[in-house]
Amino acid sequence: MTLLELDGLSVAYPAGQRWARAVRGVSLSVAAGEVVGLAGESGCGKTSVAMSVLRLLPRTAKVTGRIRFGGTDLTGATWGELRAVRWAQAAVVFQGAQHALNPMHRIGTQIAEPALRHGLVTRSAAAAHAADLLQRVGLAPELARDHPHQLSGGQRQRALLATALSCSPRLLIADEPTSALDSVSQAAILGLLRELAAERGIGVLLVSHDLGALAAVCDRIAVMYAGRIVEQGSAEAVLGDPAHPYTEALTGAATVIGDPATRYAPRSLGGAPPDPLSTAPGCAFAPRCPHAGPDCGGEIPLRPAGPGRLVECVRVAS
Amino acid sequence: MRAARVAGTLLARLTGVLFLGFALFHLLPGDPVSALTRGRPVTTEDLATIRAGFGLDLPLWKQFTSYVTALAHGDLGTSLAAHRPVADMLAERIGPTLLLTVSATVLSVTVGIATGVAAGWRPRGIGDRVGTGAAIVLWSAPTFWLGMLLMAILGVAAGLFPIAGMRSTESGGGGVLDVAHHLVLPCITLAAVQYAQYHLLIRSAVAAERHAVYVTLARAKGLPDALVRWRHAVPNAMAPTLSLVLTNLGFVVSGAVTVEAVFSWPGLGDLTFEALRGPDPPVLHGTFLLLCGSVVTADAIADVVLRRFDRRGGTT
Amino acid sequence: MRQVRRAICSLLVLGLSAATPLLAPLTAHAETGGSTLTVGISADAEDLNPFKANTVVASQILRLTYDYLTDYEPADNSTLRTLATNWTSSPDKLTWTFTLRHGVTWSDGKPLTAKDIAFTYRALKSAPADVTNRTLVKTFVSVDAPADGTLVIRTSKPTATMLAIDAPILPEHVWAGRTDMYTAQPAVPSVSSGPYVLTERKEGEFYRLRANPHYWGPAPKVTEILLRRFKSVDTAVAAMKRGEVDAIGNLNSVQFDALKDDPSIARVRASGLRFHELLLNPGARLANAAPEGNGNPALRDKRVRVAIDYAIDRQKLIDGVLGGYGEPGAGYLPAKLTPWSWQPAPADLRGYDPAKARQILDSLGYRTGPGNVRIMPGSRKPMTLRLAYTADHPVFPRYATYIKQWLGDIGLPVQLVPASGSQLGALQYRGEYDLLLSGWGVDPDPDYLLSIQICSALPLTKGGPTSSDAFHCDPRYDALYNQQATELDPAKRADLVHQAISRLYGDAIPLVLTNPATLEVYRKDKFTGFVSRPGPGGSVLGYWSYPHVRPVAAVTQAESSHTPLYASGAAALVALAVAGGLFYRRRSTRHLRE
């Protein structure tokens, strides 16, 4: 069953008189029990995609296209409808656990808050609920009484995951949940996500720059570059036999776990990602592409390249 | 360890205040005795006797030692005008001043937070423009003028509130409600002038908090806007406000000279003002020590409290 | 959110419901009965110790609560028989015998006798130096009470001021034997014998005086006098319009003019018993004639000082600084101070005549150098004169601006030296000024103001204190002063005083600039019967007046005080409604929030 369906999603932010187009027509779906990876460099628009699902983007952002969740169209939803979907149906594990937890509140309060506010637990049961969730993510229930600054980075990330599970959502959007963590913690978090998908049928949209991490847990992977999905397909296919030159570059370079440098640019790639203000037609990757030819300046169609596989490159025969 | 350092700093600063106080009031030009006796029928011989009585003919270092010894005994000297111990005079004036300034601070913090949060949550919105505009206009309005205006409208024209003093002069005046009734106009005036600083501070802090990840998280949790604002954004925006409130508490003692003058409020500001007119150096000196002492102390308290409050200053 | 709204809610309720106690005044009024005259005052009494008190407010309170041996007739300054009903002095003029009024009692019912007066004067005589009133009894050798109704005072030399002993008479049974006699404050209620008793004292707020039921004289018409402190006259005026204050003294001309059209307010322009003066440093000297200070040597020449006097346009000062409310000054004491005042004959008056001023300076050899600046003969340095004044009082800086202009016009540039009150005092007694602005209030008896111009008031040591006002020292003036001080015949004494003042005028050391009027207002729709001093056109707000003041009519008063009451009641209702609305809103949304 398809949980989330993005269709031609575009996001633009005002930049002076012009618009910076962070996402340019992304189509992607996540089914129940499926882990979908969204890969790409920093600034490619993957966080904008993740945030647009629950309409958490700044008020000034312009969102077009369709976001369907469990059959309802969220693009036209009222704030009330949206609030009902938020967390009860779909939850977010935010990037940078260090800043995502409110420094003023106790961990337990923050974890139980959504369930309490959505009327899923009573005030008296909230503490037990928080303890239960902490245990589920592998933390000691006593941590509920602590404030965020008393926790380690890994603990905070797990606490954030526990928060996301507070209302037993159907969809989990995890934005870089493992960045800045040691490899042991990384593996544990990823394992938890995999488990949730497999045992509870939760759909997971896992956003990461780290192809290695994605490879470990994802059923399918979509690769983003400059606001567009340039390639998507099953994890083995995309990673094992990249069709797009960008994916190729990523797979060749990006698997150094814990090395922050790889987050910003695959080593084998020269040059820099294009200016989001640019409105030039054609393949955005062409200036950095070793295979770039004269055809790359024209309209590039998204072409199927095998079962469930789409690639946006002139080199792929239709 | 930290407490010891704070206490040490406090002690050093208080000592500085002590020296400064002595220097200011003993080395300044002018002669208290001639000021004291101007227009009184005294003979030249009497003047010499009075001067000696004040110890003004002693060498400076002797004046300083007797000054420190007296201070250690809680003796702030004797007023030249009232011939009473300065400590007693300060004691009877500090109550009314604290009543006025603390209530005005509570009011201005409350109003400043309410309007500042509203303005900061939607910067450049209509509420922000109106609220911030009003705060700045009131802030820049001369206190004297604002007080006279409120007095003319609410006091004289509408006849709602008394315009002077802190209690009715009819016998039996001075009950809690009577004093509260008298407090209204001075308190509103002082708060109207002061709340802008809290408004502006809260406004910018809240405007910054809007973009904090945990605020987005709170919104993602499906919380209503009011809860996102008051439970998640505002408490984190409070740290600078708390620090301003605590620092300002030191100045609370100095009173509000202008407001006290406009509404004839019998506080320390008035005492200082009268002592300046005299001049009455012992009283001025007393108010100086009290003011500086409380500012320095409030600063130390702010230091301790803020560290407890601001958890982001913890590990990492 | 809820907490904040709740806080705002309760603040609103507290704030506006505070409007309701306006009810309180009415009930309180009904209990006490009688009428209250509320007088706005602009300073505190500070110290009410009867020996030491020296502020204006304190002396008013003491005069209203205590009796003095004698007082002054408001109409003409003649002696008023208060405690003393009769007196004689011995042929050698050294022994005075006073016959005292019968049946005077203290407010605690005990009789007031000659013993109380003797006790008071002896205590004053043995007071420490800082009890400045002790100069009143400095010639006393003994004070005796041979009978309850007889007081005998022996003096070391004839004393002209025996009928001007301005010290309150204290009850011996209350004050005797106290170690803190010279600092203690009167008990509240005070034990005193005057028309009123001090019944409440709130420093910085008000002083309440209630009529003394034991008073020997006619019972005061107003049963309570409330001296109420206002820190700004503007506030006091606003309070007067609200009906909270009945009389205010010491308005400035702007405040006074603004009340011109108010039908309920009477305005009194009282010719003032005070003067503003310009002191010219005549070459300050110590008592032993050693030079002191650093006054400009040019001013040692009386003719230069006279020239300066001609350059001053007094009418302009009155119009420009006093808003027209004042009289030009000439003789040392104000013209109103009969019988002591002396004023120059029109022919001798140094009126405004800058041409004459220039002519005098020219004739003295003060030639004009570059930029119209004169140069002192025998010197090459252009003249400048330093003018010191206090900026604490608004009129002095404005006087200074005019004087700078006028002296500049005759070639004597002026450098302004603004100073604080105590700095100015220091400059003055050290003689470190050329020109200095000062001012005095005048007592009914002229002795003290005359004494500050005698040679023995000069400082004894360099930088030492002095009671001399302007380093004036003239042996012939001193002789006249000493004569008047021992002359018991008022007419002869007045003549001696006139001669002394005339010499002082000739020396042109203190130049009296103006006699500023005292501007007073009172609610004429509420009170009447004010007594003016001195004579018609004098001040009506003072101890001599209050006991004679009576309410106009009780009916009109009661009505006017009702109006604000209704308004405040309505406001309180509105406040409750608004607060209730907030509360209701809070309740109705409760479910959603929780």
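Each chain gets a letter, A, B and so on, in the order the sequences are listed, and its residues count up from 1.
The parts of R231(B) that come within reach of chain A are both its backbone and its side chain, each placing non-hydrogen atoms under 4.5 angstrom from that chain. In this structure, chain B has no heavy atom under 4.5 Å from any part of S166(A). Using a 4.5 Å cut-off between heavy atoms, R59(A) touches chain B through its side chain atoms alone. In this structure, no portion of A212(B) lies under 4.5 Å from any heavy atom of chain A.
For the 3.5 Å distance criterion, the side chains of H209(A) and S42(A) fail to qualify, holding no donor opposite an acceptor. Side-chain atoms of Y13(A) and S48(A) include a donor-acceptor pair closer than 3.5 Å. Donor-acceptor pairing under 3.5 Å is recorded for the side chains of Y214(B) and E209(B). With no hydrogens or angles considered, a side-chain donor-acceptor pair links T75(A) and D73(A) at under 3.5 Å.
Ranked by non-hydrogen atom pairs under 4.5 Å with chain B, the options R55(A), M51(A), H105(A) are led by H105(A).
Formation of a donor-acceptor pair under 3.5 Å by the Q155(A) side chain with backbone atoms of S152(A) is found in this model.
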